[in-house]
Amino acid sequence: MTLMDKVRVRFAPSPTGPLHMGGVRTALYNYLFAKKHNGDFLLRLEDTDQTRLVPGAEQYILDALSWCKINIDEGLGHGGDLGPYKQSDRKPMYRQYADILLEKGHAYYAFDTAEELDEMRQRMKNAGVPSPQYNSVVRDSMQNSISLSADEVKQRLDRGDSYVIRIKMPRNEEVKINDTIRGWVVVNTNNLDDKVLFKSDGMPTYHLANVVDDHLMKISHVIRGEEWLPSAPLHVLLYRFFDWECPAFAHLPLILKPDGNGKLSKRDGDRLGFPVFPTEWTNPETNEVSSGYREEGYFPEAFTNMLAFLGWNPGTAQEIFSMDELVESFSLQRVGKAGAKFDFDKTKWFNQQYLRSKSGDELAELIHSKIPKSKDADGVFLAKVCELMKERATFVEDIWESSQLFFDSPTEYDEKTHRKKWKEHTPDILKKVTELFGGMSDFSAENVEKEFKSLLEENEWGLGMVLPTFRLAVTGKGMGPSMFKISELLGKDEVVERIETAIQKLS
RNA sequence: GCUCCGUUCGUCUAACGGUUAGGACAUUAGGUUUUCAUCCUAAAAAUAGGAGUUCGAUUCUCCUACGGAGUACCA
């Protein structure tokens, strides 16, 4: 592409199931790159294999990207002038391109049946070839328009015999790709095979379709997973055969499983207990549910921030990046070459950082829906509770769970604290505390602390002896935030009442 | 097997020929806190191995080892 051309990138998933977090990262990098260069981010559905369609997968992809705030400029579900953006809807467009290749002599008809192909592979294996290929060495011995006479080919075509169209891979030619992330990659065509471009069902294969569509949709940069690197030379050759300008290529490193080696898979998530999908997915066949980051309580910002750092880094110490900051800082030059092992602990850390950066008001808003109608807590109170509790939470859910004490008096008391701290004289001490509180008019945290401490001082009671029982009586727990702040939020009457109840129950 | 890609602390990574090889997560130890969490401080922790090129290699080249991906009428 020339410098004047607009940056246009695409994310082209296949609707064969839910979008894996590796796929989301590919989409994210495409999106960041596009936005960084004021370009377009397109979504195209690669559904040329109709047998592998999974109901709901298409909608899942749309929803998941939307949750991640990876906004689509053009494509599936978002309009655009170069559609349709679903390859099955483009079916009639592909044949003409296969014909061009046929005419130019870069492709040929192949009539081999599945049995004949199997037979060939078996024959080659017996001859000591580990992974047999349909290439120039076997080409002549197969049923195709190169080995067969023109008459025979015409006859078969007229008869309506089933056929595919294969690329005629040139002999002994070096194909060079300048990958933006990896530099020059050179492959000799002798190692490539005569890939099927056009299937017998009238659909193109991925290889033909992605090249044709990328060209037609004016894609400037192809940013995709490393698993495509081996077939990139084939794609480059196709651009050449069509006489089309080749987009720039960038092959992203894989996301690896946290332990051991290999690509991160759904099984790893099940085994190690973390989601591998952005949002929850129910397998329509088995009804098996796979957990999602959204449902597990992650902020989409935390999820995408974490994902951005799996393979990319800004070169500075900053780790928390808003989407806008990611756009600003992103560059393919700073994407690593090696696969990155997924780190679930770090993922939680990211979420914690985002949680803590939110105000009490924002958190109250998020938590509000969880509160039973009967409680009807007012927003100001809730915001204060959130502000107090957020320091010890990773998820919004944590806040809610640890905040029960603000809405219900304890029904049970921490057994360990009771056993270790609740002494014979404890009820008397706590009675004194209630008397003290009862006479106070200023029940602010500061004042409660001041009065409480001076009471202890006067009587020479240790803080470590009284405070845990005070906490136990009011919250039923052995740990938590400052008791003085809790007292302020609960209010004098509630605190006194809870202490009195506890004295009765625990003595 | 073959082709391609890769290899810095346990993990994510920085250092694009010259640094005591830096940061973050996790870990450990202190400190703060009534407690838990937070927070602060500190510690431990890496250039896969071998040849070259160079005054000097984490960085460039080659070999080995290890790992990964690909090798379908799947994407």
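Order of the sequence lines sets the chain letters (A, B, ...), proteins ahead of strands, with each chain counted from 1. As the structure is a prediction and not an experimental result, all values here were calculated from the model.
Aromatic ring centres of A:F452 and A:F484 lie closer together than 6.0 Å. Between A:F321 and A:F350, the gap from one ring centroid to the other reaches at least 6.0 Å. The ring of A:F277 has its center no closer than 6.0 angstrom to the ring center of A:Y293.
Here A:P481 lies in heavy-atom contact (under 4.0 Å) with a base. The residue A:V186 sits close only to the backbone: its heavy atoms come under 4.0 Å of sugar-phosphate atoms, none of a base. Counting any heavy atom pair closer than 4.0 Å across all strands shown, A:Y206 reaches a base atom. A:T16 comes within contact range of no nucleotide atom at all, as no heavy-atom separation falls under 4.0 Å. Counting non-hydrogen atoms under 4.0 angstrom, A:N190 reaches nothing in the nucleic acid. The residue A:R471 sits close to a base: some heavy atom pair falls under 4.0 Å. Among the heavy atoms of the strands lying under 4.0 Å from A:Q133 are primed sugar atoms or P, OP1, OP2 only; no base atom is included. Among the heavy atoms of the strands lying under 4.0 Å from A:M483 is at least one base atom, whether or not backbone atoms are also near. Using a 4.0 Å heavy-atom criterion, one finds that A:V185 contacts the sugar-phosphate atoms exclusively. In this structure, A:G311 reaches the sugar-phosphate backbone alone: every heavy-atom distance under 4.0 Å involves primed, P, OP1 or OP2 atoms, never a base. Counting any heavy atom pair closer than 4.0 Å across all strands shown, A:R334 reaches sugar-phosphate atoms only and no base atom. Counting non-hydrogen atoms under 4.0 angstrom, A:R182 reaches the backbone sugars and phosphates but no base. Across all strands shown, A:K263 has heavy atoms under 4.0 Å from sugar-phosphate atoms exclusively, and none from any base. A:G262 comes within 4.0 angstrom of sugar-phosphate atoms only, judged by non-hydrogen atoms across all strands, and of no base.
No donor-acceptor contact under 3.5 Å links the side chain of A:R356 to the base of B:rU38. For B:rC36, its base sits under 3.5 Å from the side chain of A:R392 at one donor and acceptor pair at least.
Distance from the side chain of A:A340 is smallest for B:rU13 among the nucleotides B:rU13, B:rA75, B:rA24. Here B:rC4 is the nucleotide among B:rC4, B:rG6, B:rA69 with the atom lying nearest to any side-chain atom of A:L229. Listed nucleotides: B:rC36, B:rG70, B:rU34. Nearest to the side chain of A:P468: B:rU34. Among B:rC25, B:rC73, B:rU38, the nucleotide with an atom closest to any side-chain atom of A:D345 is B:rC25. Considering only side-chain atoms of A:V164, the nucleotide from B:rG1, B:rG70, B:rC73 that sits closest is B:rC73. Nearest to the side chain of A:K341, among B:rC74, B:rU11, B:rG68, sits B:rU11. Listed nucleotides: B:rG6, B:rC36, B:rU34. Nearest to the side chain of A:S482: B:rU34. Considering only side-chain atoms of A:E226, the nucleotide from B:rG70, B:rG68, B:rC25 that sits closest is B:rG68. Proximity note for A:N313 (side chain, C-beta onward) versus B:rG68, B:rA14, B:rC25: the nearest is B:rA14. Taking every side-chain heavy atom of A:K195 into account, B:rU71 is the closest of B:rU71, B:rC25, B:rG6.
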* **side chain to side chain contact (heavy atoms under 4.5 Å, CB included) assessment of A:L157 paired with A:Y163** => CA-CA 8 Å; A:L157 255 21; A:Y163 66 87; 3.9 Å; yes
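Ring geometry, A:F249 versus A:H251: the interplanar angle falls under 30°, so the pair is classed parallel (tilted spans 30 to 60°). Aromatic ring pairs are classed by plane angle as parallel below 30°, tilted from 30° to 60° and perpendicular above 60°; the pair A:F395 and A:Y298 is perpendicular.
Nucleotide B:rC9 holds its C1' atom 14 Å from the CG atom of A:D343, rounded to whole Å. Spacing between atom CG of A:N305 and atom C1' of B:rC25 amounts to 13 Å, rounded to whole angstrom units. Between the C1' atom of B:rC73 and the CG atom of A:D161 lies a distance of 15 Å, rounded to the nearest Å. Distance CZ (A:F321) to P (B:rC12): 19 Å, rounded to an integer number of Å. Taking atom CD1 on A:I255 and atom C1' on B:rG68, their separation rounds to 14 Å, with Å as the unit. Atoms CH2 (A:W349) and C1' (B:rU38) sit 14 Å apart, rounded to a whole Å. For the pair A:K423 NZ and B:rU34 P, the interatomic distance rounds to 20 Å; values are reported in whole Å. We find that CZ of A:F344 is positioned 18 Å from C1' of B:rA24, with the value rounded to whole Å.
Taking a pair to require two hydrogen-bonding distances under 3.5 Å in either a Watson-Crick or a G-U wobble arrangement, B:rA69 pairs with B:rU3. Across every strand in view, B:rU59 sits unpaired, with no contact that passes the Watson-Crick or G-U test at under 3.5 angstrom. Across all strands shown, nothing is found opposite B:rU38 as a Watson-Crick or G-U wobble partner with both distances under 3.5 Å.
Proximity of A:K199 to the phosphate of B:rC74: a side-chain N or O atom is located under 4.0 Å from OP1 or OP2. For the OP1/OP2 pair of B:rC2 and a distance below 4.0 Å, the side-chain nitrogens and oxygens of A:K125 include no atom meeting the criterion. A sub-4.0 Å separation between OP1 or OP2 of B:rA75 and a side-chain N or O of A:T48 is present. Phosphate proximity of B:rC2 to A:N191: absent, as no side-chain N or O sits under 4.0 Å from OP1 or OP2.
Rounded to whole Å, the separation between the C1' atoms of B:rU32 and B:rC40 comes to 8 Å. Distance check on atom P: B:rG30 versus B:rU47 gives 29 Å, rounded to whole Å. Remark: the separation of the P atoms in B:rG68 and B:rC74 is 27 Å, to the nearest Å. Taking the P atoms as reference points, B:rA15 lies 16 Å from B:rU58, given to the whole Å. Comparing B:rA46 with B:rA24, their C1' atoms are spaced 15 Å from each other, to the whole Å.
In this structure, A:V187 and A:S131 both approach RNA chain B, and ranking their closest nucleotides by distance from the 5' end singles out A:S131. Comparing A:S14 and A:L256 along RNA chain B, the residue whose closest nucleotide (by nearest heavy atom) sits nearer the 5' end is A:L256.
The residue from A:Y97, A:Y239, A:F241 that alone fulfils the ring-ring contact (aromatic ring centres under 6.0 Å, His included) condition with A:H106 is A:F241.
Sparse packing is recorded around CD of A:E412, with 12 or fewer heavy atoms of other residues, nucleotides or ligands lying under 6.0 Å away. Annotation for A:Q318: atom CD counts as buried by contact number, over 12 foreign heavy atoms lying within 6.0 Å.
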Show me the protein contacts with nucleotides 47-49 of chain B, counting only N or O atoms at under 3.5 Å.
none

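Judged by a 6.0 Å distance limit and a 45° cone about the ring axis, A:R166 is not positioned over the six-membered ring of A:Y108. A cation-pi arrangement, defined by a distance under 6.0 Å to the six-membered ring centre and an angle within 45 degrees of its axis, is present between A:R25 and A:Y29.
For the residue pair A:E457/A:S454, the side-chain donor-acceptor check at 3.5 Å is not satisfied.
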